[in-house]
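Start at 1 and go down the list; that is how both ligands and their atoms are numbered.
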Amino acid sequence: MEQLLSMNLAELTDWLKAQGCPAFRGKQLYEWLMRGASFEEMTNLPKDFRAKLAEIATANPVRIRDAFTSKLDGTEKYLYELEDGNLIEGVLMRYHHGNTLCLSTQIGCRMGCAFCASTLEGCVRSLTPAEMLGQIIAVNRRLNGEGRVGNVVLMGSGEPLDNYDNVMKFLRLMSDEKGLNMSLRGVSLSTCGLVPNMYRLAEEGLPVTLSLSLHAPNDEIRRKLMPVAKAYPIEDVLAACRNYVEKTGRRVIFEYALVGDMNCEMAHADELAHRLRGLQCHVNLIPLNEVKERDALKAPTAAQVERFMKRLEQRHISVTRRREMGDDIQGACGQLRRHTLMEENGEWGMGNGE
Ligand code: SAH
C-alpha cells in the first residue's frame with residue numbers, strides 16, 4: 001500500500017499520473033489528506049476514484065487506538081496503531097502558548113539507554129515520513145477544531161538521527177506551505193548524540209532546535225547510562241553541538257536526567273558547568289522517571305534536584321526543571337505501549353500498570 005502522506009503535493013500529483021488517475025485531482029486529494037479524512041469522507045471526489053485509491057493506498061497509516069486525558073493538567077496520552085498492527089505512543093501537552101505533541105520516530109529504539117523504557121525490546125523498525133506526519137494529523141483531527149498541534153518534540157520512542165532520511169523528509173513535509181505549514185522553529189529534535197548525523201543536521205538549513213541528551217558531566221558516568229557514549233566521547237558530542245550553534249545561530253538544549261546516586265552531586269554540577277562554559281545553551285533537568293524494569297535506577301529527591309539546579313545557576317548556566325505532566329496517565333517515556341503489549345500477551349495483570 002502506498003502511504004500518501006509521505007508525499008508532498010507535487011509528488012502526489014506525479015504519483016496520480018503514474019496510476020493513470022487525473023492529475024488535477026491532486027490538490028483536492030492533498031487537502032483532504034492534510035485534514036485526516038478517510039477516502040470515504042472525500043465526498044467531492046468521484047466514487048470510483050476513491051474506490052481505486054482505497055485499494056492501493058492509505059490516507060493516514062496512524063490511527064488513535066486509545067486516548068487518556070490527565071485530570072491534573074489536560075495532558076493527553078495516545079496509543080496509536082499502525083497499519084501493520086504495531087503500536088506507538090504520543091503525548092499532547094497543553095501549554096498557555098499552544099499545544100506541543102511529542103512524536104515517536106521509531107517503534108522501540110536500539111540505543112539501549114539504561115533508564116529508558118522504549119529500548120527494552122530493541123527497535124522493531126523505523127517510522128516512515130507518513131507515519132510521523134500521520135501522528136500530527138490524527139491528533140489535529142481528534143482536537144476537531146479546538147486547537148491544533150503547534151509545536152513538535154521528537155522525544156517519543158526512537159532515535160531521530162538513527163532514522164535520518166525519513167525524519168528530514170518528515171520535517172520538510174510538516175513545514176510545507178501547501179500542507180500543514182507548521183513552523184520548524186517550534187520543533188525540538190532530541191538525540192542521544194549520534195555525532196556524524198549531528199553535523200549533517202547542521203547543514204540541512206532547517207531551523208529546528210537541537211536537544212542533546214547529555215545526562216552526565218563526563219564519559220565515565222555517561223557510559224554507564226548510555227551505550228552510545230562508548231562510540232562518541234562527550235567532547236566530540238559537545239564539539240558537534242558547538243558546530244550546530246555556529247551553523248544555525250540557535251542555542252542547544254541539554255537534557256540531563258537526574259538519577260539518584262549517579263549524577264546529582266555538587267561536583268557533577270560543577271563539572272557540567274565547566275564543560276558547558278561558553279556554549280550557547282540551556283540545561284533542562286529531568287528528575288528520572290522510574291521504569292519498573294530498571295529498578296536499580298532511582299529518582300533523585302526533590303532537595304537534590306533543587307540543589308543541583310541552584311548550583312548550575314550559581315555557575316551562570318541557564319537551567320530549568322522539566323515540568324512533569326500527565327503523571328496520572330503514564331505520561332512518560334514509552335511505558336504505555338509496553339504495558340499494553342504485556343497486557344495483551346497476558347504477562348501483565350490488570351490494575352498493575354502503575
Ligand atoms: N532518542 C532521543 C529521544 C528520546 S526520549 C534521545 O535520546 O534524546 C527524550 C528524552 O527522554 C531523552 O533525553 C531521554 O534520555 C529521556 N528519557 C528517557 N527515559 C527517561 C526516564 N525514564 N526518565 C527521564 N528521562 C528519560
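Contact atoms of ligand 1 toward Cys192: 6 (C), 7 (O), 8 (O) (distance under 4.0 Å to a heavy atom of the residue).
Assignment of Ser157 to the shell around ligand 1 is not supported, since no heavy atom sits closer than 4.0 Å. Within the structure, the closest approach of Arg294 to ligand 1 does not fall below 4.0 Å when heavy atoms are considered.
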Gln314/Arg311 under side chain to side chain donor-acceptor pair (under 3.5 Å): CA gap, chis, key distance, verdict: CA-CA 5 Å; Gln314 284 164 2; Arg311 188 74 161 208; 4.7 Å; no
CA sep, side-chain torsions, deciding dist, call: Thr58, Gln3, side chain to side chain donor-acceptor pair (under 3.5 Å): CA-CA 5 Å; Thr58 41; Gln3 295 185 343; 5.0 Å; no
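Remark: ligand 1 and Cys109 share no N or O pair separated by less than 3.5 Å (distance only, no angle test). Distances between N or O atoms of Pro160 and those of ligand 1 include no value under 3.5 Å. Checked by distance only, ligand 1 and Glu159 come closer than 3.5 Å through their nitrogen or oxygen atoms.
Shown here are the side chain to side chain donor-acceptor pair (under 3.5 Å) partners of Arg251, two or more places apart in sequence or in another chain: there are none.
Inspection of the Glu159 and Thr191 side chains reveals an N or O donor paired with an N or O acceptor under 3.5 Å.
Proximity annotation for atom 14 (C) of ligand 1: of Glu255, His215, Met111, Arg322, His215 comes nearest, heavy atoms only. Residue nearest to atom 24 (C) of ligand 1, selected from Asn163, Val228, Asn289: Asn289 (by heavy-atom distance). Across Ala299, Gly193, Gly156, Ser213, heavy-atom proximity to atom 4 (C) of ligand 1 is greatest for Gly156.
Of the residues listed (Lys169, Arg172, Lys178), the one engaging Glu11 in a salt bridge (charged side-chain N to carboxylate O under 4.0 Å, His left out) is Lys169, and it is the only one.
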